[in-house]
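A quick write-up on the structure given underneath.
By convention here, the first residue in the shown sequence is residue 1.
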Amino acid sequence: MAGQRAQWKGFIKFGEVSCGVALYTAASTSERITFNTINKATGNRVNRVFIDSDTEEPVPKEAQTKGFEIENGQYIIIDPDEVAATIPGSNKTLEVEAFIPCSDVDGVYFDKPYYLTPDKMGTDAFAALRDGMRKSKVAAIARTVLFRRMRTVLIRPHGKGLIATTLNYDYEVRSSKKAFEDMPKIKIQGEMLDLAKHIISTKKGDFDPASFDDRYEAALAELVKAKIEGKALPKRKTVEVSKPNDLLAALRESAGLGKSKDSAPKRTAANANSGAGRQRAARGAASKTASSKAAPQRKAG
């Protein structure tokens with residue numbers, strides 16, 4: 001991928017076939033607006049300093065090490081070399097262990113996506129794997145050492161290449177039973193259920209990530225722009241939550257019952273992309289104003 005540095009290079013192996021591949025980050029937060037921590041009194045940036053919890057003296061980086069708490073305030077020291085020695089050996093190979101239906105993995109296990117591309121010498125083998133999975137409608141489960149950890153990876157056809165998503169381990173995913181254990185058992189029936197189904201049917205569509213703007217990021221851009229230009233700060237809009245006794249009325253109104261014919265249609269996902277234009281305009285205006293009135297600041301590390 002031109003202009004990007006590979007996060008990992010190695011091989012992918014399925015059966016007795018292997019080819020060289022590279023992983024590239026598929027999602028990044030580097031374009032988000034970031035803030036530095038500032039001393040209110042001086043206006044200067046604040047630096048992070050590690051302090052001894054007992055002596056309250058600063059501890060330089062070379063004097064810091066790892067520790068595991070065995071009881072309150074008692075630690076066993078773990079040297080960084082000891083941590084490094086526990087990292088599994090890597091043969092730089094994504095070895096496919098099984099091919100499974102694409103729908104078999106619950107999305108709650110998804111961690112981070114990467115684009116998986118072939119090197120110039122292994123294009124045919126790579127394409128055979130990609131097209132074979134696409135025709136068979138399956139994904140591949142593979143394991144290898146990535147970024148000093150043994151990782152399980154879900155590999156799926158994606159455009160001209162593959163997308164490899166690292167998976168959370170079972171112990172890392174919290175049980176949904178605990179999350180919902182206090183939720184009362186409620187069964188919706190009759191008109192209320194019919195209205196809910198009707199609203200859902202009228203709102204059916206396709207997922208288009210480009211049609212959804214990051215309203216929080218746009219709001220931050222507007223805030224920064226207002227502060228730079230000395231204008232009034234934007235006011236936060238309040239959200240009204242439907243009360244239980246008003247739920248049926250709200251469902252009827254959402255379904256178009258009891259609403260005047262000349263009511264303006266609500267904004268839908270189809271025209272939500274206009275928000276992205278506003279975001280870019282706001283960020284551009286803030287950037288232009290900031291560059292003319294103040295020296296640029298580094299992003300927080």
Check your understanding: If you draw a 6.0 Å radius around NZ in Lys160, do more than 12 non-hydrogen atoms from other residues or ligands fall strictly inside?
Key -> no
Review point. Taking the hydrophobic residues Ile, Leu, Val, Met, Phe, Trp and Tyr, and joining any pair whose side-chain heavy atoms are under 4.5 Å apart, which ones share a cluster with Leu116?
Key: Trp8, Ile12, Phe14, Val17, Val21, Leu23, Leu94, Val96, Phe99, Tyr114, Phe126, Leu129, Met133, Val138, Leu146, Phe147, Val153, Ile155, Leu162
Check your understanding: So with a 6.0 Å cut-off around CG of Asp124, is the heavy-atom count from everything else above 12?
Key -> no
Practice item. Would you kindly say whether Arg156 and Thr165 are connected by a side-chain donor-acceptor distance under 3.5 Å? Key: yes
Practice item. Compare every heavy atom of Ala22 with every heavy atom of Ala6, then report the nearest pair and how far apart it is. Key: CB-CB, 4.1 Å
Check your understanding: salt bridge (charged side-chain N to carboxylate O under 4.0 Å, His left out): which pairs involve residues 53-78, sequence neighbours left out?
Key -> none
Exercise for review: Flag yes if more than 12 heavy atoms outside Arg134 fall under 6.0 Å of its CZ atom; otherwise flag no.
Suggested key: yes
**Study point:** Criterion salt bridge (charged side-chain N to carboxylate O under 4.0 Å, His left out) on Asp111 and Arg151, from CA distance to verdict
**Key:** CA-CA 10 Å; Asp111 178 32; Arg151 302 303 304 257; 2.9 Å; yes
Review point. If you look at every heavy atom in Thr65 and Asp79, which pair is closest and at what distance?
Key: OG1-CA, 4.0 Å
Check your understanding: Within a strict 4.5 Å, meaning less than it, do heavy atoms of the Phe68 and Ile70 side chains meet?
Key -> yes
Check your understanding: Does the pair Lys177/Glu181 count as a salt bridge with the N-to-O cut at 4.0 Å?
Key -> no
Review point. Do Met150 and Arg143 touch side chain to side chain, with heavy atoms closer than 4.5 Å?
Key: yes
